[in-house]
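Beneath this line is the structure, given in structure tokens, with notes to follow.
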Protein chains: 2
Amino acid sequence: MSTFVKIKALRQSLSSSEAKLADFTLNSANAIRNLSSVELAKVVGVSQSSVVKFSQKLGYKGFPAFKLAVIDALNDETSEPKLHGKITLSDSLEQIAEKLLSSKLAVLTETKNLNETVAIEQAVSLLKSAKRILICGLGGSALVAKDFSYKLQKLGMPAIAEPDGHAQLAYVSTFAKGDLVIAISESGVTREIAEVVKQAKKNDSYVISVTKFGSNPVADRANVRLYSVAEEESVRLSSILARTAQDFVIDILFIALTQSSRQGRKLLEHSNDVVGEFRNH
Amino acid sequence: MSTFVKIKALRQSLSSSEAKLADFTLNSANAIRNLSSVELAKVVGVSQSSVVKFSQKLGYKGFPAFKLAVIDALNDETSEPKLHGKITLSDSLEQIAEKLLSSKLAVLTETKNLNETVAIEQAVSLLKSAKRILICGLGGSALVAKDFSYKLQKLGMPAIAEPDGHAQLAYVSTFAKGDLVIAISESGVTREIAEVVKQAKKNDSYVISVTKFGSNPVADRANVRLYSVAEEESVRLSSILARTAQDFVIDILFIALTQSSRQGRKLLEHSNDVVGEFRNH
DNA sequence: TGCGTACAAAAAATAAATTATTCCCAATAG
DNA sequence: CTATTGGGAATAATTTATTTTTTGTACGCA
């Protein structure tokens, strides 16, 4: 158990000298690092023997052992991956930023672990061999779809991201064997997307899904299932975190694609050059 | 400098007793934790005074100081946030994912640290009091702009994100005092965006910039400067990481906005309900 | 109320341990 | 043969742990 937890637990049953030491430890743990038992006693205003007794009361052999425990506790505290608690109304801006950050870190890590390497390989392989590609998503996912389409276009791939549900359906109805649909829907139940997927399957086209983990209409029908986020966060953050996870998935796909094809890299380079050239004038 | 690095650097110039201690420290650093100078001397097979002299040769006041340094070095070693090396052609898919993940983690952390709380507060305040809002960005940033506009619209705010440069300029030319431009451009030199900012300033409108850190045409003219990423990564990753950072910035702004207004939260809730209702039929 | 005992807490005193310094010897190079 | 250096034994200094003493307070009882 952390020394601090221990101290807090015993805090009530301590006598006045001990309480002084306990409070000092909790408030200025850092300072203890550089203090001997005598110095600590002086700073806190108790006798040196009280310091030793306090250490022993906490279960340590003596003062040096206590000191080490405090240092350890400080280290654990700072290296802990920071729990990403819910953002509440009373949070300060600094706390909000901190929590959003750790939530994102958690979501990214989870998303990475959720997707098997083999699934990504399959997805890359489908992408490379696809004749035409339709990336569909609605609402927030539409932007992810659009982003992915831009990226694929940079690689010279025939990818289209259409934000309108009806247009998506119209396009996919012309699909055939060799064409590919990438269906992005966090819930996996979006009616329009599910419909597109159904149609794609009917036309013998391949489907890659990007949804939350588990069974759902979109993923169930997909040839390759990719996943975004694992845990449901607070409602307020959910769409933000879903986006974060979806972005990660398509970023991985994109990098893996450029990785696996020399031609793709060349085209990407060229595309970047052209845009850069243009911007500088 | 880490104690271990120090030891390795001096390793050659050490005498036999000192070398014994150095090797033991490098190989069994963990053990030192529980040893006194006498015990360590015994284990290694040297005299206690040699232990002390060794500690001092490394630059520490004495043995206890050396011991603390070793413990610190061990802690730093284990909690190091995994260096996010460049992705190379020979990387496996698993390595790619790992590196992308750590790069994103680093970029998010940096972005959070780069933005002062007070700047975010000012941005929020400008957003809340703005009569009209134009969010402009080109290329990849256009998607970030669009995303932010959707979010602001959910809060009932008059935000427009227009991907076309000319249309942006046309709109901003009608701006006046009380209107707000949010200019998103990683480089901060995009001609079209800089032009919009110039026009906005001429019309006495406020400008919030989201660019890389440092002086650039867009940020220099802004009333409030927000920053994305700090370090330039590999060219291949740069646009991906820029997006990651920009998303973080607008996510923070969005959350801070909902945080600061009861009405905003109500509208957001309602908006989510309506869309959810619609999707389920 | 006044006095004395009992008890607990905390500091002073002391003992033990750990650590730092000094001093001396041995090995080796010049 | 001297000078120098490494290393350990001896010892001094410091730090820590234990024991002893003092202080203060609560409680019982005349």
Side-chain angles (χ1 to χ4, degrees), chain A residues 3 6-74, chain B residues 3 6-74:
Chain A
T3 309
K6 220 184 256 179
I7 292 178
K8 279 176 199 151
L10 288 175
R11 180 69 182 73
Q12 289 313 315
S13 64
L14 297 175
S15 60
S16 90
S17 286
E18 293 169 333
K20 279 188 214 164
L21 285 164
D23 291 343
F24 183 84
T25 304
L26 292 176
N27 294 328
S28 321
N30 264 312
I32 290 183
R33 202 192 145 82
N34 308 306
L35 298 176
S36 68
S37 63
V38 178
E39 291 167 325
L40 176 58
K42 202 169 180 184
V43 171
V44 175
V46 300
S47 70
Q48 181 261 344
S49 60
S50 292
V51 172
V52 175
K53 280 189 196 147
F54 175 66
S55 303
Q56 292 169 337
K57 188 159 193 169
L58 290 175
Y60 304 104
K61 178 147 176 272
F63 177 68
F66 168 68
K67 195 156 146 184
L68 278 189
V70 169
I71 292 174
D72 283 346
L74 280 175
Chain B
T3 309
K6 219 183 258 178
I7 292 177
K8 280 177 200 152
L10 289 175
R11 180 67 181 76
Q12 289 313 315
S13 65
L14 296 176
S15 58
S16 90
S17 285
E18 292 170 334
K20 280 188 214 164
L21 285 164
D23 292 342
F24 183 84
T25 305
L26 293 177
N27 295 326
S28 321
N30 264 311
I32 291 183
R33 203 192 147 82
N34 307 307
L35 297 175
S36 68
S37 63
V38 177
E39 291 166 325
L40 175 59
K42 202 170 178 183
V43 171
V44 176
V46 299
S47 71
Q48 181 261 343
S49 63
S50 292
V51 171
V52 175
K53 282 178 195 162
F54 176 65
S55 303
Q56 291 170 337
K57 189 159 192 170
L58 289 175
Y60 303 104
K61 176 144 176 273
F63 177 69
F66 167 68
K67 195 156 148 183
L68 276 188
V70 169
I71 292 173
D72 283 345
L74 281 173

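Lettering follows sequence order; numbering is per chain, from 1. This structure is a prediction, so every number in the text was calculated from the model and none was measured.
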**Message:** A side-chain contact here means heavy atoms from C-beta on lying under 4.5 Å apart; do A:F24 and A:L40 qualify?
**Reply:** yes
**Asked** A:V46 near the nucleic acid: base, sugar-phosphate alone, or nothing, with a heavy-atom cut-off under 4.0 Å?
**Response** sugar-phosphate
**Prompt:** Taking N and O atoms by type only, does the side chain of A:S50 place a donor or acceptor under 3.5 Å from a partner on the base of C:dA10?
**Reply:** no
**Prompt:** Between B:K67 (side chain) and B:L35 (backbone), is there a donor-acceptor pair under 3.5 Å?
**Reply:** yes
**Asked** Does any donor-acceptor pair link the side chain of A:Q56 with the base of D:dA17 at a separation under 3.5 Å?
**Response** no
**Asked** Between A:L21 and A:S50, what is the shortest heavy-atom contact and its length?
**Response** CD1-O, 3.8 Å
**Prompt:** Side-chain N or O of A:S15 less than 4.0 angstrom from OP1 or OP2 on C:dA10?
**Reply:** yes
**Asked** Side-chain N or O of A:S37 less than 4.0 angstrom from OP1 or OP2 on D:dA17?
**Response** no
**Closest nucleotide among D:dT18, D:dG8, D:dA10 to the B:Q48 side chain** = D:dA10
**Message:** Distance check needed: D:dT14 P versus B:K61 NZ, whole Å only.
**Reply:** 9 Å
**Message:** Below 30° counts as parallel, above 60° as perpendicular, anything between as tilted: where do the rings of A:F54 and A:F66 land?
**Reply:** perpendicular
**Request:** Verify the contact: side-chain N or O of A:S47 to OP1 or OP2 of C:dA12, cut-off strictly under 4.0 Å; return yes or no.
**Result:** no
**Request:** Indicate, yes or no, whether a donor-acceptor pair under 3.5 Å links the base of C:dA9 to the side chain of A:S16.
**Result:** no
**Request:** Would you kindly check whether a donor in the side chain of B:K53 faces an acceptor in the base of D:dG8, or vice versa, at under 3.5 angstrom?
**Result:** yes
